[in-house]
Amino acid sequence: MTSRADELAANLDAVRRRIDAACAEAGRASDEVRLVVVTKFFPASDVRLLAALGVTDVGENRHQEAEAKSAECADLGLRWHFIGGLQSNKAGAVASYADVVESVDRAKLVGPLSRGAHGRGHEVDVLLQVSLDPPGADHRAGADPAGLDELAAAVEEAGMLRLRGLMAVAPLGEAPEAAFDRLADVHASFVSDHPGATVLSAGMSGDLEAAITRGATHVRVGSAVLGPRPAVQ
Ligand SMILES: *Cc1c(COP(=O)(O)O)cnc(C)c1O
C-alpha cells in the first residue's frame with residue numbers, strides 16, 4: 001500500500017513534469033511558471049505533506065475553510081491564494097490571511113480588502129479575475145475585459161493592495177486554447193497600461209499546457225495533485 005505522502009509525491013512529480021514539458025515547448029524557462037496547488041476540500045494534513053514536498057503556494061476557494069486551514073498551517077510559511085467567489089462582507093476577513101487574492105472582479109470588494117490588509121498591517125497582492133465568456137453569456141465569474149481599467153484604478157488607489165495581474169478560468173463549452181488566446185491579448189494590453197501587473201494566473205489540471213503555451217505565469221492545479229474532490233461541490 002502506498003502512503004498518502006507517496007501518492008502526493010508521485011502526482012506532484014507528474015504535474016511538475018507536465019509544466020516543464022509545456023515550458024520547453026513554448027521556449028520558456030520552467031521557473032517562469034509558478035505552481036499553485038489547490039487544496040480545497042482536502043485536509044490540512046495534506047497541505048503539510050505538500051509543504052514538505054517543496055510546494056510553496058496553495059489555493060483555496062471558500063473563506064471558512066481557507067481561514068481555518070491557513071491558521072492550522074501558519075508555521076509552514078506558505079503563500080495562500082484565495083481563488084474563489086468573494087462576498088464583500090467576507091473580503092476584509094480574507095485579506096487577513098490571504099497573501100494573494102486572485103478573484104477580485106468588482107469594485108465593491110476593493111474597500112473591504114484594503115481595510116483588511118490595513119488591519120493586518122501587511123500588503124496583499126491582488127489579481128483581477130477576468131471573464132472569458134462571450135459577451136452576453138451567463139457569466140460564471142469575472143469582470144468584463146472592458147471594465148478592467150476602472151477596477152485596476154480602484155485597486156491602485158485603495159492603499160495596501162498591490163495590483164499584480166490577471167486571473168481567468170477557461171469557460172466550459174469552448175476549447176481552452178481559444179479562450180487563453182483571448183486572455184493573452186487582454187493581458188498584453190492590460191500590462192502595457194499597468195506595468196507591474198505581470199502575473200497571469202490561468203490553467204488547471206485539465207488545461208495547464210494550453211495556458212502555459214499562451215503565457216500563464218501561475219497555474220492552479222487541484223485534482224491532478226490531490227486526486228478527485230468529493231462530488232458535493
Ligand atoms: C478548483 C479550482 C482550480 C483547480 O481545479 P482542478 O481542475 O482540480 O485542477 C483552479 N482554479 C479555480 C478558480 C478553482 O476553483
Side-chain angles (χ1 to χ4, degrees), residues 4 7-8 10-19 21-22 33-44 46-47 49-50 53 55-67 69-70 78-87 90-91 94 98-106 109 113 125-133 138-143 164-177 179-180 183 186-187 199-233:
R4 182 65 170 156
E7 186 184 345
L8 292 178
N11 289 348
L12 198 55
D13 195 51
V15 166
R16 285 178 173 145
R17 272 185 281 133
R18 283 174 62 190
I19 293 171
V33 177
R34 189 186 284 244
L35 171 63
V36 178
V37 178
V38 178
T39 48
K40 64 190 185 197
F41 289 93
F42 289 94
D46 280 350
V47 177
L49 293 172
L50 290 166
L53 293 166
V55 167
T56 55
D57 291 73
V58 292
E60 289 284 336
N61 73 336
R62 297 185 305 176
H63 165 57
Q64 282 190 327
E65 179 182 348
E67 185 176 50
K69 229 181 275 179
S70 62
L78 293 166
R79 281 170 63 79
W80 291 82
H81 295 244
F82 192 83
I83 62 171
L86 263 174
Q87 291 170 271
K90 303 271 173 61
V94 168
D99 301 292
V100 188
V101 179
E102 299 203 7
S103 43
V104 177
D105 63 357
R106 59 197 190 282
L109 299 172
L113 283 172
D125 284 355
V126 163
L127 306 184
L128 306 185
Q129 182 172 356
V130 51
S131 169
L132 297 175
D133 293 302
D138 229 3
H139 280 205
R140 283 203 294 173
R164 298 301 316 281
L166 302 181
M167 181 272 249
V169 178
L172 300 169
E174 183 189 16
E177 289 80 4
F180 292 148
L183 178 63
V186 170
H187 187 231
V199 170
L200 183 58
S201 172
M204 324 201 300
S205 294
D207 58 15
L208 67 89
E209 287 85 358
I212 289 172
T213 317
R214 288 158 184 82
T217 63
H218 288 50
V219 291
R220 308 175 308 271
V221 181
S223 48
V225 174
L226 288 136
R229 286 182 289 275
V232 292
Q233 212 188 355

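Counting starts at 1 for both ligands and their atoms, following the listed order.
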Using only atom types and a distance under 3.5 Å, with no angle test, would you say the side chain of Lys90 pairs donor to acceptor with the backbone of Arg62?
no

If the cut-off is 4.0 Å to any non-hydrogen atom of Val221, which atoms of ligand 1 fall inside it?
9 (O)

Taking the minimum heavy-atom distance to atom 3 (C) of ligand 1, which of Gln129, His81, Met204, Arg229 ranks first?
Met204

As an exercise, identify every atom of ligand 1 less than 4.0 angstrom from a heavy atom of Lys40.
1 (C), 2 (C), 3 (C), 14 (C), 15 (O)

Which of Leu49, Val37, Val55 passes side chain to side chain contact (heavy atoms under 4.5 Å, CB included) with Leu8? It is Leu49

What residues form a salt bridge (Lys or Arg N to Asp or Glu O under 4.0 Å) with Asp125, not counting sequence neighbours?
Arg79, Arg162, Arg164

Considering both backbone and side-chain atoms of Gly222, is one of its nitrogen or oxygen atoms within less than 3.5 Å of a nitrogen or oxygen in ligand 1?
yes

Would you mind telling me if ligand 1 is within reach of the side chain of Glu102, the backbone, both or neither, using heavy atoms under 4.0 Å?
neither

Hey, which atoms in ligand 1 end up nearer than 4.0 Å to a heavy atom of Ser205?
6 (P), 7 (O), 8 (O), 9 (O)

Ion pair Lys40/Glu65, N-O distance below 4.0 Å
no

Output all residues satisfying salt bridge (Lys or Arg N to Asp or Glu O under 4.0 Å) with Glu7, sequence neighbours left out; order by chain, then residue number.
Arg4

Should you measure from each heavy atom of Ser223, which atoms of ligand 1 turn up under 4.0 Å away?
6 (P), 7 (O), 8 (O), 9 (O)

